[in-house]
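One structure below.
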Amino acid sequence: MLTTEQNKATRQCASCAADSIQRELPELSRDEMKAEIRRLAKEKNAVIMAHYYVSGEVQDLADFIGDSLALAQQAAKTDAEIIVLCGVHFMGETAAILCPDKKVLVPDEKATCSLAESCPADEFAAFVKAHPGHTVVSYVNTTAATKAVTDVVVTSSNARQIVESLPADAKIIFGPDQNLGNYINSLTGRNMLLWNGACHVHARFSVEKIIELKAQHPEAKVLVHPECKGPVVKLADKVGSTAALLKFAIADEAKEFIVATESGILHEMQKSAPQKVFIPAPPDDSTCACNECEYMKMVTLEKVYACLRDEQPVVTVDKAIAAKAIRPIERMLDISAKLGL
Ligand code: 13P
Ligand code: SF4
């Protein structure tokens, strides 16, 4: 099994290769590059999937945009021969595990995730071993190797329902996101043992700045992703995954929303509800109004073009790890399908 350090090193090398490919880009306007990407996707029977946090122009180019759950569900059922996963590395790994017969490409292998990195597989495995008799529930924001020591995977769209589907007296380990774990504990009354991990983007929203914004926009509703810290979650009118926040923003009668999740979601919110106002909640450590995930923003149009043209970097998962990791992912997909999620 690769250690986190080895994993990083592997990605670094593949990514350097990808970078050198990008330097050989033809001179194309952005519109020409988009047209070329669409042409290549058709020619190669490739599907382009994007998470809501990547840039608006990449989202607009995709065949499918969604949250982490929707991307996994879509990958599991696609007929395409190639999947271009415009998101972070663990999303590509999940698609590769679910589709071993397909080529899964990610535009930048260096686009990792601070939350996944906060849970090295070897340390998590030792934690699990130290607490026998627990059901291990892992957030999808984990490496394949961490999923391999997991009983059931969850996303922010289904974590509550999946935890509730476990026996009431089940002893549960939940990792790696402590904020999401605390939130699910508060909703379900469970007392899950939590891994001490966090997403650096969601952990830095500022209660004070949201309160200030709320004073300026008293009618605005506050939308919060459950990876945020407890005090931020307490300010929310709606807590949910990116897809749930989007759905709420479209359906709700409010005209203004303060959005406490990665600011990429505002693109689709604004497109879906152009008459409404979406205000990004600012981080506490910056003068900038937006809170961006630098890993998601590494997925550029140029890299999407280069990766589809050259069919690399390909996401590969060690076969032994994939054989273990697929079980908790499929268990999540089965439970979600039964619950209509
Ligand atoms: P969802 O896609 O489940 O909303 O999670 C957000 C996230 O942080 C993805 O990396
Ligand atoms: Fe990971 Fe946070 Fe970025 Fe999502 S927003 S990919 S959890 S670092």
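In listed order, ligands and their atoms are each counted from 1. Both backbone and side-chain heavy atoms feed into the values below; hydrogens, waters and symmetry mates do not. Since this is a predicted model, take the numbers as computed values, not measurements. Heads up: numbering here begins at 1 and tracks the sequence.
- Ring geometry for H202 versus H225: interplanar angle of 30 to 60°, hence tilted.
- Contact annotation for Y139 and ligand 1: only side-chain heavy atoms (C-beta onward) come within less than 4.0 Å of the ligand.
- By the 4.0 Å heavy-atom criterion, H51 is counted among the residues contacting ligand 1.
- Within the coordination shell of atom 2 (Fe) of ligand 2, defined by N, O or S atoms under 2.8 Å, C113 is absent.
- For ligand 2, the atoms sitting less than 4.0 Å from at least one non-hydrogen atom of V88 are 6 (S), numbered in the order shown with element in parentheses.
- For H225, every heavy-atom contact with ligand 1 shorter than 4.0 Å involves the side chain, none the backbone.
- Contact annotation: for V88 versus ligand 1, there are no heavy atoms closer than 4.0 Å.
- Residue-ligand proximity: E227 is placed with a non-hydrogen atom under 4.0 Å from ligand 2.
- Applying the 4.0 Å criterion to heavy atoms of C293 picks out, from ligand 2, the atoms 3 (Fe), 5 (S), 6 (S), 8 (S).
- Residue S114 approaches ligand 2 through these ligand atoms, each under 4.0 Å from one of its heavy atoms: 8 (S).
- The single protein non-hydrogen atom nearest to atom 2 (Fe) of ligand 2 is C199 SG, 2.3 Å, given as residue, atom name and distance.
- The protein heavy atom nearest to atom 7 (S) of ligand 2 is N141 ND2, 3.1 Å.
- At a 4.0 Å heavy-atom cut-off, ligand 1 touches Y53 through the side chain alone.
- Checked against a 3.5 angstrom limit, the closest N/O atoms of T242 and ligand 1 fall inside it.
- Between the side chains of H267 and Q59, no donor-acceptor pair is found at a separation under 3.5 Å.
- Among the atoms of H200, none of the N, O or S atoms falls under 2.8 Å from atom 3 (Fe) of ligand 2.
- Not one N or O of H202 is nearer than 3.5 Å to an N or O of ligand 1, by distance alone.
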